[in-house]
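Chain letters run A, B, ... following the sequence lines, proteins first, then strands; residues in each count from 1.
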Number of protein chains: 2
Amino acid sequence: MKKSIRAFAPATVANVSCGFDILGFAIDELGDQVEVTLSDEPGLRVVLIEGDGGRLPYEAEKNTCTVAIQAMLDQHGFDGGMEISLYKGLPLGSGMGSSAASAAAALIAANALLGEPYDKKELVNFAVEAERIACGAAHADNVAPSLLGGFVLIRDYHPLDVIKLPVPKGLFCTLLHPHLELNTSDSRSVLKKQLSLKDATIQSGNIAGLISGLYQSDFNLISRSLKDVIAEPTRALLIPGFYELRLAIQRIGALGSGISGSGPTIFVLSPSRKVAEEVATVGQEVFAQIGLEVDAFISEVNDKGAYVI
Amino acid sequence: MKKSIRAFAPATVANVSCGFDILGFAIDELGDQVEVTLSDEPGLRVVLIEGDGGRLPYEAEKNTCTVAIQAMLDQHGFDGGMEISLYKGLPLGSGMGSSAASAAAALIAANALLGEPYDKKELVNFAVEAERIACGAAHADNVAPSLLGGFVLIRDYHPLDVIKLPVPKGLFCTLLHPHLELNTSDSRSVLKKQLSLKDATIQSGNIAGLISGLYQSDFNLISRSLKDVIAEPTRALLIPGFYELRLAIQRIGALGSGISGSGPTIFVLSPSRKVAEEVATVGQEVFAQIGLEVDAFISEVNDKGAYVI
């Protein structure tokens with residue numbers, strides 16, 4: 001009899017405003033599922049991909065699920081085989097951590113099949129290898145929150161130092177995904193390679209304030225700290241409606257907004273579900289005025305992360 | 001009868017490693033005292049300065065005590081006069097927040113004489129004006145911890161946003177003040193005006209880690225985070241023995257070291273009084289080998305700040 005385990009991993013918001021490249025958080029419900037089945041035939045094989053519109057690769061050395069599992073097996077040792085089925089719940093290239101969710105779900109399922117030799121923090125190391133294939137850079141700010149849940153700080157990469165932060169009760173997120181093609185390499189190339197000491201200091205003050213706000217459950221401090229002087233000033237120019245939306249959500253009591261990952265999805269943090277729902281309505285109005293359709297998702301910040309179904 | 005109030009304000013460490021320009025903390029015992037006496041003759045007068053070797057100005061528009069009090073009175077309104085006596089306990093130009101301690105003590109005494117119209121956070125605004133005169137820049141990372149005690153984050157200056165952070169129990173500081181003339185303008189001029197996005201991101205990760213470590217009382221995380229890639233690489237070159245000391249204190253279990261303010265004083269954080277005392281001994285040995293005398297001060301991080309005696 002074949003043994004199968006299926007896991008879910010959530011969407012994530014990386015580059016949380018002043019947390020450029022070091023901070024991410026997880027979303028509820030929205031995410032990918034991966035089923036891993038033990039097989040007598042050695043090696044890893046992707047046998048099914050659903051919900052990707054045919055865009056994701058089946059080759060084991062290119063698929064984020066198999067790359068992540070292989071990184072784990074390279075360390076753990078394993079003679080058997082695994083067959084992987086991927087059920088995409090996340091749109092590709094939207095800035096919601098699509099590739100990270102696939103890798104995280106794959107690792108959770110495969111790790112469970114092996115009897116859980118690794119804890120979630122250890123799995124982050126393997127998931128990062130999948131991000132290297134999927135994004136061209138070994139970022140952990142999507143995979144770590146997708147695995148661990150909540151807000152996660154990536155303090156360092158050499159070695160990887162992942163710190164789970166507290167999630168204030170009642171903190172809600174609205175994700176607004178405008179139907180807009182954003183070339184990831186464009187989004188990277190507009191980043192300035194050099195910045196002023198003054199801007200670096202402003203960013204430091206704000207990330208320090210945001211971390212304090214999370215520990216103190218101080219919504220006002222979180223709101224004051226949600227400012228990005230590094231990536232946003234250039235990247236926001238690629239997202240029409242970005243600043244119009246910011247003004248609109250400030251008027252209805254949201255805490256702040258930013259680009260999710262490298263966009264085009266925008267995240268908005270709110271102090272209640274009610275405000276988060278109003279943000280969704282207002283967001284759709286703002287984008288409708290410039291002729292863009294937008295998908296809106298409302299979610300509490302997910303403190304649980306990826307799990308076996 | 002004349003009414004007098006005397007106050008103490010502690011020495012402080014600003015630019016706490018990765019907290020360049022945004023973080024400071026207060027030291028126990030070491031500090032300045034200021035006595036303020038109400039007078040019928042209008043205006044502010046410095047009538048006595050002790051312990052400065054004759055280097056500090058008596059002119060009200062140049063002395064940090066009177067400049068700070070004047071900034072307060074400009075807002076509060078006051079028709080009378082005040083006479084100020086300053087008793088310096090801190091060496092000048094050492095990087096231990098000497099001018100800040102004088103301003104903080106002066107404000108605490110004058111504010112008490114007026115019946116405490118302002119709380120300590122409000123007094124920071126006035127003390128910053130004194131720093132503008134003393135240092136040429138309106139920094140708050142010495143005056144805020146000297147007034148409030150503990151670790152204090154300066155999230156922003158426009159407007160001033162001062163956040164008191166928790167102090168982990170058992171956290172000790174050793175200050176090592178080598179007898180070395182360090183020109184403040186040299187120390188400023190070696191700072192790079194531009195930095196790479198990579199270095200800014202590393203600094204962000206470390207300040208976020210340090211803030212988390214303070215909230216979690218996680219000495220190991222504090223230790224991993226005490227890294228400064230912005231100011232230290234150039235400023236440390238002006239302080240002979242800096243890196244030799246770092247290696248020596250790592251071997252005896254200290255958490256980390258950095259330049260206090262713009263130097264030449266070096267601060268070392270330790271997880272116990274015992275280690276902090278060993279740091280003092282080792283520090284004196286390291287500097288003796290290069291022919292420098294050094295004063296060593298050992299203190300718990302002071303969570304109380306300035307107070308009326």
S.K.: Could you tell me which portion of B/Leu195 (side chain, backbone, both or neither) has an atom closer than 4.5 angstrom to a non-hydrogen atom of chain A?
M.R.: both
S.K.: Looking only at heavy atoms, what is the nearest atom pair of A/Leu221 and B/Arg155, with distance?
M.R.: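 A/Leu221 and B/Arg155 have their closest heavy atoms at CD1-CD, 4.0 Å.
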S.K.: Looking only at heavy atoms, which two atoms of A/Leu153 and B/Ser212 are closest? And how far apart?
M.R.: CD2-OG, 4.2 Å
S.K.: Could you tell me the separation between the OG1 atom of A/Thr201 and the CD1 atom of B/Ile154, rounded to the nearest 0.5 Å?
M.R.: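 Interatomic distance, A/Thr201 OG1 to B/Ile154 CD1, rounded to 0.5 Å: 13.0 Å.
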S.K.: Heavy-atom distance under 4.5 Å to chain B: side chain of A/Leu210, backbone, both or neither?
M.R.: neither
S.K.: Nearest 0.5 Å please: distance from the CD1 atom of B/Ile207 over to the CD1 atom of A/Ile207.
M.R.: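 Answer for the CD1-CD1 pair, B/Ile207 versus A/Ile207, is 10.0 Å.
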S.K.: Side chain from CB out, backbone as N, CA, C, O: work out which of these in A/Asp161 comes under 4.5 Å of a heavy atom of chain B, or both, or neither.
M.R.: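 Contact with chain B: side chain only.
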S.K.: Going through the distances and angles, do A/Ser196 and B/Gln194 end up as a side chain to side chain contact (heavy atoms under 4.5 Å, CB included)?
M.R.: CA-CA 4 Å; A/Ser196 69; B/Gln194 294 279 315; 4.0 Å; yes
S.K.: Looking at side-chain heavy atoms only, is the closest gap between B/Asp156 and A/Arg224 below 4.5 Å?
M.R.: no
S.K.: Please report the closest heavy-atom contact between B/Lys192 and A/Leu197, naming both atoms and the distance.
M.R.: O-CD2, 3.5 Å
S.K.: Determine, step by step, whether B/Leu214 and A/Tyr215 satisfy the side chain to side chain contact (heavy atoms under 4.5 Å, CB included) criterion, reporting the C-alpha distance in whole Å, the side-chain angles of both residues, the deciding distance to 0.1 Å, and the verdict.
M.R.: CA-CA 10 Å; B/Leu214 293 174; A/Tyr215 275 97; over 6 Å; no
S.K.: For B/Ile22, is it the side chain, the backbone, both or neither that has a heavy atom under 4.5 Å from a heavy atom of chain A?
M.R.: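 Contact with chain A involves the side chain of B/Ile22 alone.
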S.K.: Apply the test side chain to side chain contact (heavy atoms under 4.5 Å, CB included) to residues A/Ser204 and B/Gln203: give CA-CA distance (whole Å), side-chain angles for both, the deciding distance (0.1 Å), then the verdict.
M.R.: CA-CA 7 Å; A/Ser204 279; B/Gln203 194 89 347; 4.1 Å; yes
S.K.: Name the region of A/Ile230, side chain, backbone, both or neither, that has any atom closer than 4.5 Å to a heavy atom of chain B.
M.R.: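 The side chain, not the backbone.
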S.K.: With only heavy atoms counted, which part of B/Lys227 is less than 4.5 Å from chain A, the side chain, the backbone, both or neither?
M.R.: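 Only the side chain of B/Lys227 comes within 4.5 Å of chain A.
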